[in-house]
Every structure is written in structure tokens, then in C-alpha cells.
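To start, the structure itself, in C-alpha cells.
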Number of protein chains: 2
Amino acid sequence: MDLDKALTTLNNPVRRKILHWLKHRSNFPAALPEHAGLDGVCVAYIQEKAGLSQSTISNYMGLLKEAGLVLSERHGQFTFYRRNEDAIRALLQAFEKELIEL
Amino acid sequence: MDLDKALTTLNNPVRRKILHWLKHRSNFPAALPEHAGLDGVCVAYIQEKAGLSQSTISNYMGLLKEAGLVLSERHGQFTFYRRNEDAIRALLQAFEKELIEL
DNA sequence: TCCATATATCGAGATATCCCGATATCTTGG
DNA sequence: CCAAGATATCGGGATATCTCGATATATGGA
């Protein structure tokens, strides 16, 4: 848990929003039939929702992944990203510990 | 509670350390006799502990204050800074809410 | 009043972040 | 194998952050 890297990654409203949107699959268009039952959301859907360029969103997802905040799984040409709930909780705890606990 | 501004302010290990140090007055040299009973720590002590220039620390304390994370009180030539516990808790809650709660 | 001390502000060079378009890579269908 | 589509990476211009030294401001003491 690299708090510094995680905070840098989350010090951006769009990346925070993405993490927030990923909380519920219903924030995105329905998955293709062949992807039914798969967890996560593909880059194109996230891009459309965020309204930024493809390269920017791919980069953002890479940053979120490097910080450990999302997990990714490739299925064919698609990469599906989903939240890493454990890491998100760990980040919040580390942050709270540094700020509040002695 | 401007989450964005607070996160930007705390996206810096020295500023986080300062907030951490301010948790306990004993992290700094003893107060001068004439300042006994006063809450907070003067800029010079914080500067010495952080090992950065006077202007940098003054600037940092200004950022922390602007973000609402510390309170300041002037006494003579000295400015005493102390944590704003309510704001720190509010920040953590807002951050947690954006990341975890629906 | 004049000075020394504590803090704040200014201006700037170095570095990092933001976000894009262009291009490269990977994968499936034909 | 090849073309098309999804994603990843590259290169770069604009903007923001980092941190400094120099300077300005404020205050208490001689």
C-alpha cells in the first residue's frame, strides 16, 4: 500500500469519479451478450462516460491499476476493469491512520 | 469542505507529516515561557523539523490553512498553527463517502 | 524611532501532471 | 495471413506543483 502513489492517483476528480462509477455496473451501458457474467467494465464505456480521449482514459486506468486500486482482466480485445475493494479500504485506513491515529 | 483542494494539499508527504506532527506538541521543542498555555506550534519549529526553507514552510502552512486543515493564531511576532480536528475528520469522511459509499 | 526577529509574499527555475493526437500492439473473424 | 476493432504507448504543449532565495510586512524591545 503505497499511500503516496495512491493519493497522487486519486488527486484527480475524473479518476475518483471512475472509481465511484465502477461501484455499480449499472452506471454503464449493458454488457454485450458474450460478456454477460463477466465482472468489470471495458475502457470504451468508461471513456464515453468520462468524455475524455481514449488515450487519456487508458492512461488513467493504467495509473489506477498501478496504484492497486483496480484490477483488470483481458477477454479478447477487451480489458475489463473493476474496483479492488480491499485496496481501496486499505488506502482509506492508511490515510486515516496517518492523519488521525497517533 | 472542498475535497479536491484538501486532497491536493495533502498530496505531499511533508504537508501530511506536518499535520501528523501537530498531533502532539511534544514533537517540537518546548514552548517559550511566555507562550506556555498557548495551543499550536510556531512556524520556525515546524521549519526546523521539516528541514525545508522558511518560505516553503510558511507557504505550506498557508495551503493547509486555506484547505481548512489547520487553524492559526497570531501572538506577537509568532503565528501558532494547530490542527483543525473537525475539518480533518470531515475530509476523511468526504473522501470515504466518495470512494466507498454508494 | 530604529532594529532585530518572526512570518508572509514575490519571482523563478526545475519537475510533474494533464490531456491530446498519432502510432503501436494485441486479438478475433474471414 | 490480413483487416478491423479495442486498448496501450509515445511525444509533446499547456498548466500546476515544488522549493528556493530575495524581499516585504508586522511586532516587540532598546
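Only heavy atoms go into these numbers, but all of them, side chains included; no hydrogens, no water, no symmetry mates. Every chain is numbered from 1 and lettered A, B, ... according to where its sequence line falls, protein lines coming before strand lines.
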(message) Looking at A:Tyr81, I'd like to know whether one of its side-chain N or O atoms comes within less than 4.0 Å of OP1 or OP2 on D:dA6.
(response)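 Answer no for this pair, as no side-chain N or O of A:Tyr81 is under 4.0 Å from OP1 or OP2.
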(request) Indicate yes or no: at least one non-hydrogen side-chain atom of A:Glu48 is less than 4.5 angstrom from one of A:Phe28. (result)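 Heavy-atom side-chain distance check fails, nothing below 4.5 Å.
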(request) For residues B:Thr79 and B:Met61, determine if any side-chain heavy atom of one lies less than 4.5 Å from a side-chain heavy atom of the other. (result)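 Contact flag for B:Thr79/B:Met61 side chains = no.
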(request) Using a strict cut-off of less than 4.0 Å between a Lys/Arg side-chain nitrogen and an Asp/Glu carboxylate oxygen, indicate whether A:Lys23 and A:Glu85 qualify as a salt bridge. (result)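 A salt bridge is present here (some side-chain N lies under 4.0 Å from a carboxylate O).
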(message) Determine whether a donor-acceptor pair (N or O, by modelled atom type, separation under 3.5 Å) exists between the side chain of A:Arg25 and the backbone of A:Asp39.
(response)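 Checked: no pair found.
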(message) Between B:Arg83 (side chain only) and A:Leu99 (backbone N and O only), is there a donor and an acceptor less than 3.5 Å apart?
(response)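 Yes.
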(request) Go along nucleotides 24-30 of chain D 5' to 3' and tag each nucleotide: B for a protein heavy atom under 4.0 Å from its base, S when only backbone or sugar atoms are that close, - otherwise. (result) --SBS--
(request) Determine the sole option in A:Leu10, A:Thr9, A:Asn12, A:Asn11 for which the side-chain contact (heavy atoms from CB on, under 4.5 Å) test with B:Asn11 is passed. (result)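 One option only clears the test, and that one is A:Asn11.
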(request) Grab the two heavy atoms, one from A:Ala6 and one from A:Ala67, that are nearest each other, plus how far apart they are. (result)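 Of all heavy-atom pairs spanning A:Ala6 and A:Ala67, the closest is CA-CB, 4.2 Å.
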(request) Rounded off to whole Å, could you give me the CZ-to-P distance for the A:Phe78 and D:dA4 pair? (result)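 It is 17 Å, rounded to the nearest whole Å.
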(message) Surrounding NZ of A:Lys49 (heavy atoms of other residues, nucleotides or ligands, distance under 6.0 Å), is the total greater than 12?
(response)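 Counting other residues, nucleotides and ligands, NZ of A:Lys49 exceeds 12 neighbours.
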(message) If I take atom CG from residue B:Asp86 and atom CG from residue B:Leu69, how far apart are they, to the nearest 0.5 angstrom?
(response)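 Here the rounded value is 12.0 Å.
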(message) Measuring from atom CD of B:Gln77 to atom CZ of B:Arg74, what distance do you get when rounded to the nearest 0.5 angstrom?
(response)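 If I round to the nearest 0.5 Å, the distance is 8.0 Å.
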(message) Does A:Gln54 contact D:dA6 through a side-chain donor or acceptor facing the base, at a distance under 3.5 Å?
(response)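 Between D:dA6 and A:Gln54, which were checked side chain against base, a qualifying N/O pair under 3.5 Å is absent.
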(message) Below 4.0 Å from chain B heavy atoms, what is the first contacting nucleotide of DNA chain C and what is the last?
(response)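 Both ends considered, the range comes out as C:dT5 to C:dT9.
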(request) Determine, using the 4.5 Å side-chain heavy-atom cutoff (strictly less than), whether B:Leu38 and B:Leu71 are members of one ILVMFWY cluster. (result)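 Shared cluster, no.
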(message) Quick check on DNA chain D: between B:Ser55 and B:Leu63, whose nearest nucleotide comes earlier from the 5' end?
(response)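 Its nearest nucleotide being more 5', the pick is B:Leu63.
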(message) Among residues 3-29 of chain A, which ones have heavy-atom contacts with DNA chain D below 4.0 Å?
(response)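 By residue number: none to list.
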(message) Does B:Thr79 reach a base, just sugar-phosphate, or nothing at all? Heavy atoms under 4.0 Å.
(response)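 Sugar-phosphate only.
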